[in-house]
Amino acid sequence: MARANEKVEALLREYADLIAIGGGDAFKARAYEKAARAIGGHPADVAGLDVKGLREIPNVGKSIAEKVVEYLSTGRVPDIEARRAAVPAGVRALTAIPGLGPRKAFVLYDELGVSSVEQLEDAIREERLRDLKGFGEQTEQNILHGISVLRNADGRILLGAAMDIAEQIVAEMERIPGCVRCTYAGSLRRMRETIGDVDILVAAGRSAPFMAALTELPLVADVIAHGAKKTSVRTTAGLQVDLRVLPPASWGAGLQYFTGSKAHNIRTRALAVRQGLKLSEYGLFDAESGESLASETEEEVYGRLGLPWIAPTLREDRGEVAAGLKGELPALVEEGDIRGDLHTHTDLTDGLAPLEDMVAAAAARGYAYYAVTDHAPDLAMQRMTREKILAQREQLRALDRTVRGMRLLHGTELNIGPEGGLDWPDGFLAGFDLCVASVHSHFGQSRAAMTRRFIRACENPNVAVIGHPTTRRIGRRPGVDADFDAVFEACARTGTALEINAHPERLDLGDEDILRAKRYGVKFAVNSDAHATTHLPYLRYGVGTAQRGWLTKDDVINTWPWSRLHRFLEAKRA
DNA sequence: GCCGTTTTCGGCCCGACTGTTTTCAGTCG
């Protein structure tokens with residue numbers, strides 16, 4: 001979604017990096033980083049704000065607000081351009097190499113004139129680095145290795161892929177004698193949509209057996225660090241995995257610390273400091289006496305700080321600590337609250353499994369209702385016809401009489417055409433229990449046309465849910481450009497739910513958009529979009545994303561009993 | 001550069017690991 005916020009965020013991040021490289025005040029660099037993040041996550045478009053409005057955003061003060069206004073009105077900020085002139089862009093690119101930070105990057109530029117990854121490789125080959133203070137032969141090797149890592153895997157991998165690896169490693173660790181507890185932490189536990197590295201925690205008396213076992217796993221390609229408290233490896237897929245072994249008595253403090261986020265930890269540590277306490281991964285201590293006050297469970301640690309336990313998916317410093325202090329944390333939707341999946345496919349279109357198999361797999365998950373929503377004819381390659389979908393309806397109704405405890409819904413996933421039209425006329429659509437409508441083509445329309453297109457779809461009385469609203473594919477394709485605030489408003493006005501598509505390549509809507517949409521009073525549907533029985537469990541990632549958007553059961557229509565969901569669908573059609 | 005239930009000045013989270021040093025700086029999370 002192209003908002004001015006993202007551009008401003010990138011600009012401020014660049015400025016922060018340039019300050020760090022230039023050897024400026026580290027706290028100043030961090031101030032710019034904090035402001036960048038705050039603006040990136042701010043719900044309102046900063047393009048419409050003046051200095052006063054900008055300063056109401058946390059961590060944005062007079063100086064940054066003025067730079068942002070200047071940037072938005074003229075496209076230029078002289079201070080930043082001066083920094084750019086002093087430090088070529090290539091030097092900043094060097095800091096993307098793992099193990100090479102701003103200080104060493106600047107030394108390379110200052111002493112050797114290196115200002116690109118290629119020049120750095122040449123300098124290493126010519127052995128020009130080892131004469132520099134703080135550099136040596138090993139550093140050369142580490143940088144070369146970092147460059148190859150950078151080129152092979154550009155950083156983060158999808159939530160689902162990281163979860164698969166983490167769960168394998170956790171299972172291996174749990175088999176080792178002496179393992180008291182083991183789980184994954186970090187951004188994975190927070191259910192971020194992409195994962196930079198996986199943090200595994202073990203509670204045990206001795207660390208050595210676990211450290212050794214990790215380095216010997218077949219999926220390990222490379223041992224990055226191997227110590228008593230921490231071991232880091234890189235998997236064959238290029239994912240970094242950090243293992244930490246903690247004494248069982250500090251499990252809760254360690255889990256809290258390594259779950260993060262960094263910003264949440266800074267917030268909780270600051271809260272501790274104000275109470276004369278010190279919070280580290282080993283526990284919550286009295287700052288004066290050093291006495292340990294809490295460490296065994298996260299509940300104790302948060303409790304001693306005056307907070308209720310905060311769900312990991314909320315720990316992004318989006319106001320969860322303040323809400324916790326006031327007792328106003330939302331009762332988040334949980335996977336167990338989901339009563340049915342409202343967007344699934346069968347092999348009648350591009351799914352892999354026949355109707356009976358999908359229904360059996362859904363029943364095994366304990367759902368109260370389940371919608372089959374195969375593609376409609378405008379997605380031409382699916383070759384759908386009225387006859388085929390009506391035959392499926394017959395088959396589904398017959399199956400419904402044999403399945404106990406689960407209501408089957410016959411639906412379809414319609415295509416929202418370039419003008420906002422749908423595959424079938426209203427009369428035919430009225431025969432479905434539920435229609436999901438999604439954009440599958442013409443991604444490049446103008447913002448105005450795309451916005452009109454979504455709003456027209458919302459205004460169709462048969463459309464209950466807008467499927468994967470931005471149509472992004474994480475890491476492959478950005479979302480379409482539309483005025484989503486206008487779309488969210490239309491959804492709220494017409495009683496149309498927005499999907500939180502749980503497929504790990506989509507997670508669409510994403511957390512930031514969910515937070516924005518919720519302000520309009522929109523309802524959501526967390527759906528798997530399963531094309532195979534094995535996709536039904538993807539729902540967990542959608543629920544995690546919904547939690548990251550602070551959603552409760554009441555916000556999510558497929559947690560509702562059928563009677564309430566039915567009324568919601570009927571109200572739209574009335 | 002930002003911020004304030006100790007504050008408009010003086011803090012700003014904290015520890016592990018590595019490689020270079022011989023007590024520490026840089027990097028990372």
Side-chain angles (χ1 to χ4, degrees), chain A residues 12 15-16 19-21 23-39 54-68 79 94-108 129-143 145-146 185-188 190 195-201 207 211 223-232 240-246 250 253-254 256-285 287 306 317 322 325:
Chain A
L12 296 178
Y15 195 37
I19 292 167
I21 293 167
D25 180 5
F27 292 113
K28 183 171 166 180
R30 216 179 80 194
Y32 275 94
E33 265 175 40
K34 284 157 77 176
R37 203 180 145 273
I39 287 172
L54 283 162
R55 292 194 63 181
E56 283 172 20
I57 301 172
N59 297 312
V60 177
K62 180 166 182 288
S63 174
I64 291 180
E66 284 172 358
K67 284 190 176 71
V68 171
D79 283 355
L94 294 181
T95 63
I97 299 169
L100 191 60
R103 303 304 305 136
K104 279 195 157 73
F106 181 72
V107 170
L108 289 169
L129 262 62
R130 43 187 81 172
D131 299 323
L132 298 176
K133 187 169 158 60
F135 289 74
E137 246 184 276
Q138 189 58 51
T139 307
E140 289 178 347
Q141 292 311 308
N142 291 347
I143 291 174
H145 187 246
S187 54
L188 187 59
R190 302 199 312 277
I195 305 298
D197 53 49
V198 167
D199 294 293
I200 305 285
L201 300 189
S207 70
M211 300 307 191
V223 177
I224 302 164
H226 189 15
K229 303 208 165 172
K230 173 184 168 182
T231 291
S232 297
Q240 181 171 329
V241 178
D242 296 341
L243 171 66
R244 326 238 177 190
V245 181
L246 312 165
S250 50
Q256 195 277 333
Y257 178 83
F258 290 113
T259 297
S261 64
K262 189 173 178 176
H264 174 85
N265 285 359
I266 289 172
R267 184 73 63 188
T268 49
R269 276 168 186 255
L271 186 64
V273 168
R274 283 209 296 280
Q275 299 177 28
L277 309 174
K278 189 188 74 154
L279 180 60
S280 77
E281 60 263 53
Y282 298 111
L284 184 61
F285 302 94
D317 193 29
L325 288 170

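No hydrogens, no waters, no symmetry mates; every other heavy atom, side chains included, goes into these values. Residue numbers start from 1 in every chain, and the chains themselves are labelled A, B, ... in the order their sequence lines are given, proteins ahead of strands.
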Spacing between [X] atom [atom1] and [N] atom [atom2], to the nearest angstrom:
{"X": "A/Ile195", "N": "B/dG29", "atom1": "CD1", "atom2": "P", "value": "13 Å"}
{"X": "A/Lys262", "N": "B/dT27", "atom1": "NZ", "atom2": "P", "value": "13 Å"}
{"X": "A/Leu132", "N": "B/dG26", "atom1": "CG", "atom2": "C1'", "value": "14 Å"}
{"X": "A/Asn265", "N": "B/dG15", "atom1": "CG", "atom2": "P", "value": "13 Å"}
{"X": "A/Arg103", "N": "B/dT18", "atom1": "CZ", "atom2": "C1'", "value": "18 Å"}
{"X": "A/Arg244", "N": "B/dA16", "atom1": "CZ", "atom2": "C1'", "value": "7 Å"}
{"X": "A/Lys34", "N": "B/dC13", "atom1": "NZ", "atom2": "P", "value": "6 Å"}
{"X": "A/Lys133", "N": "B/dT20", "atom1": "NZ", "atom2": "P", "value": "12 Å"}

Fill in: Pairwise 5' ranking along DNA chain B for A/Leu100 and A/Ala228, keeping only the more 5' one
A/Ala228
Worksheet entry | Nearest-nucleotide 5' precedence on DNA chain B, A/Asp25 against A/Lys278 | A/Asp25
Taking any heavy-atom pair under 4.0 Å as a contact, classify [X]: base, sugar-phosphate, or nothing.
{"X": "A/Ile97", "answer": "sugar-phosphate"}
{"X": "A/Lys62", "answer": "sugar-phosphate"}
{"X": "A/Gln141", "answer": "nothing"}
{"X": "A/His264", "answer": "nothing"}

Item to complete: Considering just the side-chain nitrogens and oxygens of A/Tyr32, establish if one lies under 4.0 Å of OP1 or OP2 belonging to B/dC12.
Response: no
Discussion item. Taking 4.0 Å as the cut-off, does a side-chain nitrogen or oxygen of A/Ser232 come that near to OP1 or OP2 on B/dC17?
Written reply: no
Nearest-angstrom distance, [atom1] atom, [N] to [M]:
{"N": "B/dT6", "M": "B/dC12", "atom1": "P", "value": "15 Å"}
{"N": "B/dC28", "M": "B/dT22", "atom1": "P", "value": "24 Å"}
{"N": "B/dC13", "M": "B/dG19", "atom1": "C1'", "value": "25 Å"}
{"N": "B/dC17", "M": "B/dG10", "atom1": "P", "value": "36 Å"}
{"N": "B/dT8", "M": "B/dC14", "atom1": "C1'", "value": "28 Å"}
{"N": "B/dA16", "M": "B/dT21", "atom1": "P", "value": "24 Å"}
{"N": "B/dG11", "M": "B/dT18", "atom1": "C1'", "value": "30 Å"}

Between [options], which one does the side chain of [X] approach most closely?
{"X": "A/Ala225", "options": "B/dA16, B/dC2, B/dT18", "result": "B/dT18"}
{"X": "A/Lys28", "options": "B/dA16, B/dG19, B/dG1", "result": "B/dG1"}
{"X": "A/Glu281", "options": "B/dG1, B/dG15, B/dG26", "result": "B/dG15"}
{"X": "A/Ser280", "options": "B/dG19, B/dG1, B/dG15", "result": "B/dG15"}
{"X": "A/Lys230", "options": "B/dA16, B/dT27, B/dT20", "result": "B/dA16"}
{"X": "A/Arg30", "options": "B/dC13, B/dG29, B/dG1", "result": "B/dC13"}
{"X": "A/Gln240", "options": "B/dA16, B/dC14, B/dG29", "result": "B/dG29"}
{"X": "A/Lys104", "options": "B/dA16, B/dT27, B/dC13", "result": "B/dT27"}
{"X": "A/Asp197", "options": "B/dG29, B/dG15, B/dG1", "result": "B/dG29"}
{"X": "A/Ser63", "options": "B/dG15, B/dG1, B/dG19", "result": "B/dG1"}

Practice prompt. Go through the steps for A/Tyr257 and A/Arg244 under the test side-chain contact (heavy atoms from CB on, under 4.5 Å), then give the verdict.
Written response: CA-CA 12 Å; A/Tyr257 178 83; A/Arg244 326 238 177 190; 5.9 Å; no
Worksheet item: Who passes salt bridge (charged side-chain N to carboxylate O under 4.0 Å, His left out) against A/Arg269, sequence neighbours left out?
Response: none
Worksheet entry | Residue pair A/Leu277 / A/Leu279, side-chain heavy-atom distance below 4.5 Å | no
Practice prompt. State plainly whether the residues A/Glu33 and A/Arg37 are in salt-bridge range, i.e. N to O under 4.0 Å.
Written response: no
Least distance between heavy atoms, [X] atom then [Y] atom:
{"X": "A/Ala35", "Y": "A/Ile64", "value": "CB-CD1, 3.5 Å"}
{"X": "A/Ser280", "Y": "A/Ala253", "value": "O-CB, 3.8 Å"}
{"X": "A/Leu284", "Y": "A/Ala272", "value": "CD1-CB, 4.0 Å"}
{"X": "A/Asp242", "Y": "A/Ser232", "value": "OD1-OG, 2.7 Å"}

Practice prompt. Check if the side chain of A/Tyr257 and the base of B/dG29 share a donor-acceptor pair of N or O atoms closer than 3.5 Å.
Written response: yes
Discussion item. For B/dT8, give the paired nucleotide (Watson-Crick: N1-N3 plus N6-O4 or O6-N4; G-U: N1-O2 and O6-N3; both under 3.5 Å), or none.
Written reply: none
